[in-house]
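Since the structure comes first, as structure tokens, the remarks are kept for the end.
Every chain is numbered from 1 and lettered A, B, ... according to where its sequence line falls, protein lines coming before strand lines. FYI, side chains are in, hydrogens and waters are out, and symmetry mates aren't considered; it's all heavy atoms of this structure.
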2 protein chains.
Amino acid sequence: MFNKVLVSDDLGSINQGVLTVLESMRAKTVQQVQYCDDAYLKIKKGYLDQTPYDLLITDLSFVKDYREQNFRSGEELVIALKQEYPELKIIIYSVEDRLQKVRLLMNDHKANAYVCKGRRGLIELGKAIEAVHNEDIFVSPQVAAALSKKTSLEIDDFDINLLKLLSNGLSQDEISVSLKNNNISPSSLSSIEKKLNKLRIQFKANNAIHLVAIVKDLGLI
Amino acid sequence: MFNKVLVSDDLGSINQGVLTVLESMRAKTVQQVQYCDDAYLKIKKGYLDQTPYDLLITDLSFVKDYREQNFRSGEELVIALKQEYPELKIIIYSVEDRLQKVRLLMNDHKANAYVCKGRRGLIELGKAIEAVHNEDIFVSPQVAAALSKKTSLEIDDFDINLLKLLSNGLSQDEISVSLKNNNISPSSLSSIEKKLNKLRIQFKANNAIHLVAIVKDLGLI
DNA sequence: TATAACCTTACGGGAAACCATAATTACAAA
DNA sequence: TTTGTAATTATGGTTTCCCGTAAGGTTATA
């Protein structure tokens with residue numbers, strides 16, 4: 001497991017949970033900071049002292065206070081660190097769940113994992129640490145769509161609407177009526193069948209139940 | 001406040017936070033162990049010496065190491081202790097947030113409080129200690145649904161398993177086969193239909209799709 | 001032992017979903 | 001206008017789900 005880990009987050013209490021996960025995974029030494037600049041300096045010093053950190057877990061947003069900072073966000077920190085030390089593993093741990101942001105950090109800034117804070121955040125953080133340790137990448141399911149462009153890009157508002165109606169307990173017949181009432185086209189039973197069939201294939205679902213379960217896990221509805 | 005408290009958790013650092021909370025609440029003597037077996041022996045010894053502990057705060061998961069253990073989880077420890085010493089107060093302090101687990105420990109095993117580790121874990125732990133000291137129970141807000149919902153009280157592991165299989169895309173026929181293969185009874189198609197019908201009524205679901213969507217939202221699966 | 005209450009399983013009819021194919025419509029390019 | 005393509009709708013057949021009824025089995029209690 002990782003030898004030297006740095007946790008960067010401006011809220012002390014959140015750190016506590018992250019530290020818990022790290023210790024349960026037997027990380028050797030774990031340190032934490034509450035400012036991006038501190039994170040940068042600690043990592044730089046680690047390299048100079050020949051005892052580099054091999055993992056950074058950082059938040060994205062840091063509230064400003066009296067201390068003047070060079071790095072105003074986790075994103076700037078990631079950019080600078082990945083430029084100087086490309087081999088340093090970085091896991092983003094943030095409430096931010098916009099796909100655009102995730103895509104930017106993973107694809108352009110080469111972060112190694114992106115975990116959304118939330119009810120399952122710590123569990124996913126564990127998986128992320130595991131994955132990154134195995135030279136793999138990880139992103140939370142709810143924002144996984146950000147990387148697999150093909151699937152998510154083909155899904156439009158109509159599909160989402162369809163899935164929502166379906167998950168609300170309407171039969172395909174009732175969905176047809178509902179769409180007709182709202183003057184949404186296409187609305188025929190046959191078209192609805194076709195769309196749902198396409199979605200089932202896209203998400204590798206066995207049936208409509210499975211489909212709804214999958215898209216719910218992905219946070220699409 | 002409590003006189004004699006035992007904290008059981010395999011991660012030293014978490015203990016530190018718990019001890020801090022206990023101190024701030026003026027608990028007299030606080031001791032800690034990192035193995036379930038040690039916790040059991042200490043509590044047993046306390047009773048034999050006429051100086052019994054009056055509160056146990058324990059984790060659920062303990063990673064295995066070289067030491068052979070009789071109790072492999074906090075759950076087993078709780079069951080044993082509550083059987084022998086029903087009056088001993090027990091607070092669960094765990095990352096586990098599945099409602100099913102919470103329900104089992106609170107309702108069946110008669111734990112006195114359930115606190116989820118996490119960002120507000122220590123704060124809630126304080127509240128839990130307070131509540132238990134007043135002969136009350138406590139569960140973290142995020143899992144409070146486990147106790148409050150009348151409907152979910154009647155839902156057992158079989159039902160959860162059924163819903164999981166259903167959400168994994170298995171047809172009722174396939175579920176029947178799966179249960180037979182695992183020697184789980186009942187397993188007939190007819191019984192599965194009946195159980196699912198009952199669940200649909202309980203959760204006011206129109207059909208199986210709706211049912212899965214609802215229980216997913218509730219966090220039951 | 002008898003009885004009642006409940007659980008499990010079996011069966012059948014109707015509804016909805018699933019699947020393939022064909023007919024119709026809409027629309028852009030020739 | 002004609003033609004070709006794609007989207008939408010329609011149709012029929014098969015499977016699965018939904019729902020009632022009923023037969024056999026188990027358990028608790030008198």
- Message: Base, sugar-phosphate or nothing for Ser187(B)? Non-hydrogen atoms, less than 4.0 Å.
- Response: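 If one applies the 4.0 Å heavy-atom cut-off, Ser187(B) turns out to touch the sugar-phosphate alone, with no base involved.
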- Name the first nucleotide and the last nucleotide along DNA chain D (5' to 3') that come under 4.0 Å of a heavy atom in chain A.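 Listed 5' to 3', the contact boundaries are dT8(D) to dA10(D).
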- Query: Is a donor on one side and an acceptor on the other found under 3.5 Å between the side chain of Asn182(A) and the backbone of Ile184(A)?
  - Reply: no
- Do Ser187(B) side-chain atoms and Ser176(B) backbone N/O form a donor-acceptor pair below 3.5 Å? no
- Item | Atom-to-atom span, NZ of Lys180(B) to C1' of dA10(C) - whole angstrom | 11 Å
- For Asn197(A) and Arg200(A), what are the C-alpha separation, side-chain angles and deciding distance, and is it a side-chain contact (heavy atoms from CB on, under 4.5 Å)? CA-CA 5 Å; Asn197(A) 188 42; Arg200(A) 272 204 306 277; 3.1 Å; yes
- Task: Hey, could you give me each pair passing salt bridge (Lys or Arg N to Asp or Glu O under 4.0 Å) that has a residue in residues 73-85 of chain B? Not counting sequence neighbours.
- Result: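 As it turns out, the salt bridge (Lys or Arg N to Asp or Glu O under 4.0 Å) pairs with a partner in residues 73-85 of chain B, which skip direct neighbours, are Lys44(B)-Glu84(B), Arg72(B)-Glu76(B), Glu75(B)-Lys101(B).
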- Item | salt bridge (Lys or Arg N to Asp or Glu O under 4.0 Å) involving Arg26(B) - partner list, sequence neighbours excluded |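 Listed in chain order: nothing, the list is empty.
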- Message: Under the rule for ring-ring contact (aromatic ring centres under 6.0 Å, His included), what residues qualify as partners of Phe71(B), not counting sequence neighbours?
- Response: Tyr40(B)
- Query: Can you check whether Ser188(B) has a side-chain N or O nearer than 4.0 Å to OP1 or OP2 of dT9(C)?
  - Reply: yes
- Message: Which heavy atom of Leu105(A) sits nearest to which heavy atom of Tyr114(A), and what is that distance?
- Response: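 Smallest heavy-atom distance, with atoms named: CD1-CE1, 3.6 Å.
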- Query: Sequence neighbours excluded, which residues qualify as side chain to side chain contact (heavy atoms under 4.5 Å, CB included) partners of Ser188(B)?
  - Reply: Ser190(B), Ser191(B)
So which protein nitrogen or oxygen atoms get under 3.5 Å of nucleotides 16-20 of chain C's nitrogens or oxygens?
unit_1  : atom_1 : unit_2    : atom_2 : d
dA17(C) : OP1    : Gln172(A) : N      : 3.2
dA17(C) : OP2    : Gln172(A) : N      : 3.2
dC18(C) : OP1    : Ala208(A) : N      : 3.2
dC18(C) : OP2    : Gln172(A) : NE2    : 3.3
dC18(C) : OP2    : Arg200(A) : NH1    : 3.4
dC19(C) : OP2    : Arg200(A) : NH2    : 3.0
dC19(C) : N4     : Glu193(A) : OE1    : 2.8

